[in-house]
Amino acid sequence: MPVALCAMSHSPLMGRNDPDQEVIDAVDAAFDHARRFIADFAPDLIVIFAPDHYNGVFYDLLPPFCIGAGAQSVGDYGTEAGPLDVDRDAARTITREVLDSGIDAAFSERMHVDHGFAQALQLLVGSIIAVPTVPIFINSVAEPLGPVSRVRLLGETVGRAANKLDKRVLFVGSGGLSHDPPIPQFTSSPEQVRERLIDGRNPSDAERKAREQRVITAGRDFAAGTATIQPLNPHWDQHLLEILASGELEQIDTWTNDWFVEQAGHSSHEVRTWIAAYAALHANGPYQVTSSFYRAIPEWIAGFAITTALTLSSNHTK
Ligand SMILES: O=C(O)CCC(=O)/C=C/C=C(\O)C(=O)O
Ligand SMILES: [Fe+2]
């Protein structure tokens with residue numbers, strides 16, 4: 001069956017700390033193109049790879065990967081709250097294939113997800129319940145992280161499993177690219193913050209507002225050149241986009257976790273969601289990137305990219 005891909009950056013600062021209108025117009029045009037691409041493809045199922053930012057997954061139990069057969073959006077940063085429309089049978093089929101292939105992904109009948117999933121679904125298809133979905137969490141912020149080679153293998157296996165579903169499947173990756181927003185690191189956090197990273201479910205409205213305001217302030221200061229966070233790395237971002245477009249994904253296996261952080265910031269690990277999505281597409285045959293947008297947007301603390309791709313054998317429209 002035909003498969004397609006849309007990989008995009010997310011940022012909770014969109015609409016909260018915006019760049020010049022010219023940049024917003026360019027991003028809006030790129031999202032309009034992606035939405036048309038997806039509408040023309042008319043997916044029966046979206047398999048979305050996304051991170052969490054200590055809203056759904058915490059250090060009390062932190063898997064490298066988790067496949068959701070049920071999922072609940074927490075609604076942070078004003079994103080849609082409530083259940084996603086998860087295709088349970090598809091999620092269980094994919095999980096069996098992933099486990100049989102030797103990748104020890106966790107499984108959840110009620111995975112809690114945040115803006116990493118919800119913003120992408122809302123921007124691409126209008127809502128967290130517009131298209132049946134299989135959400136796949138990839139840990140991208142809470143160190144220690146496994147090697148990125150395991151992420152590629154996860155994506156490959158998910159792609160093979162999706163091929164057996166007899167559905168038109170859209171793979172979505174959400175996150176990245178280079179960026180270093182002020183997300184706490186456990187080892188360098190004070191005890192009170194560590195407690196939140198271990199088990200910070202259901203924060204009060206005031207606590208959530210304070211966390212969100214801290215990120216908004218960081219975005220404003222970063223754009224003003226007064227923040228102390230790591231610069232964006234457009235060169236690294238373009239290099240990654242070229243590799244993903246080439247299909248020669250195995251070369252990424254040699255990239256160490258420290259190198260990701262040195263080159264592109266702690267949250268550059270979110271590109272794991274892109275690597276998994278492209279590996280899933282690649283498992284279905286040779287592909288072509290059909291659109292690629294990139295802008296470094298300091299106001300959103302993001303090397304911001306949106307790409308669409310299609311296997312050569314997929315007829316684009318239903
Ligand atoms: O303060 C926290 O615990 C989390 C802050 C947060 O949610 C930051 C999110 C930023 C991104 O998702 C991003 O830039 O990718
Ligand atoms: Fe993120």
Side-chain angles (χ1 to χ4, degrees), residues 7-19 27 48-59 62 73-79 112-123 135 137-143 145 172-190 192-223 227 229-233 237 260-261 264-274 276-277 295-306:
M8 55 170 274
S9 299
H10 60 247
S11 173
L13 298 179
M14 293 172 76
R16 287 178 176 75
N17 187 54
D18 282 336
V27 172
I48 176 169
F49 300 94
D52 181 72
H53 312 78
Y54 303 115
N55 292 297
V57 183
F58 299 85
Y59 275 105
L62 187 65
S73 169
V74 302
D76 63 327
Y77 291 98
T79 56
H112 289 84
V113 301
D114 74 0
H115 67 272
F117 285 88
Q119 189 184 65
L121 290 171
Q122 287 179 248
L123 283 170
F137 160 77
I138 295 181
N139 182 22
S140 307
V141 301
E143 296 179 352
L145 300 178
V172 171
S174 168
L177 301 180
S178 65
H179 67 315
D180 198 35
I183 297 179
Q185 298 294 316
F186 188 88
T187 50
S188 58
S189 291
Q192 184 191 357
V193 173
R194 286 186 174 188
E195 190 50 39
R196 169 165 79 82
L197 302 186
I198 291 172
D199 181 14
R201 288 170 182 78
N202 309 315
S204 66
D205 289 347
E207 285 168 338
R208 187 176 289 293
K209 194 165 175 57
R211 279 173 55 183
E212 294 181 0
Q213 187 53 53
R214 191 168 55 85
V215 179
I216 293 166
T217 303
R220 192 198 57 215
D221 296 348
F222 190 50
I229 52 184
Q230 199 166 319
L232 306 179
N233 188 335
D237 293 339
F260 272 90
V261 176
H266 288 90
S267 285
S268 67
H269 287 305
E270 289 189 345
V271 304
R272 289 166 174 240
T273 65
W274 284 57
R295 278 289 182 102
I297 305 179
E299 292 83 353
W300 291 349
I301 314 181
F304 201 93
I306 306 166

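Remember, it's 1-based here, ligands and their atoms both numbered in the order they're listed. In this chain, numbering begins with 1 at the start of the sequence shown. When reading the values below, keep in mind they use all heavy atoms of this one structure, side chains included, and skip hydrogens, waters and symmetry mates.
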Going by the 4.0 angstrom heavy-atom rule, the piece of P184 near ligand 1 is side chain
So, is H53 polar-close to ligand 1, with some N/O to N/O distance under 3.5 Å?
yes
With respect to atom 13 (C) of ligand 1, which of H179, Q213, Q119 exhibits the smallest heavy-atom separation?
H179
Part of E270 with heavy atoms under 4.0 Å of ligand 1, whether side chain, backbone, both or neither
side chain
Honestly, for W300 the part within reach of ligand 1 (heavy atoms, under 4.0 Å) is neither
Can you tell me the N, O or S atom of E270 that's nearest the Fe ion (ligand 2)?
OE2
S11, portion touching ligand 1 at heavy-atom distance under 4.0 Å
neither
If you count the atoms of ligand 1 from 1 in the order shown, which ones are under 4.0 Å from a heavy atom of P12?
9 (C), 10 (C), 11 (C), 12 (O)
Would you say H10 and ligand 1 have an N/O pair spaced under 3.5 Å apart?
yes
Report the nearest protein non-hydrogen atom to atom 6 (C) of ligand 1: residue, atom name, distance rounded to 0.1 Å.
Y77 OH, 3.6 Å
Taking only heavy atoms of P181, which atoms of ligand 1 are found under 4.0 Å from at least one of them?
14 (O)
Ligand 1 and H115, any nitrogen or oxygen pair closer than 3.5 angstrom?
yes
S9 side chain to A305 backbone, donor-acceptor under 3.5 Å
yes
So, regarding R214 and ligand 1 (criterion: nitrogen or oxygen to nitrogen or oxygen, under 3.5 Å), is there a contact or not?
yes
Side chains of H115 and T79: is there a donor and an acceptor less than 3.5 Å apart?
no
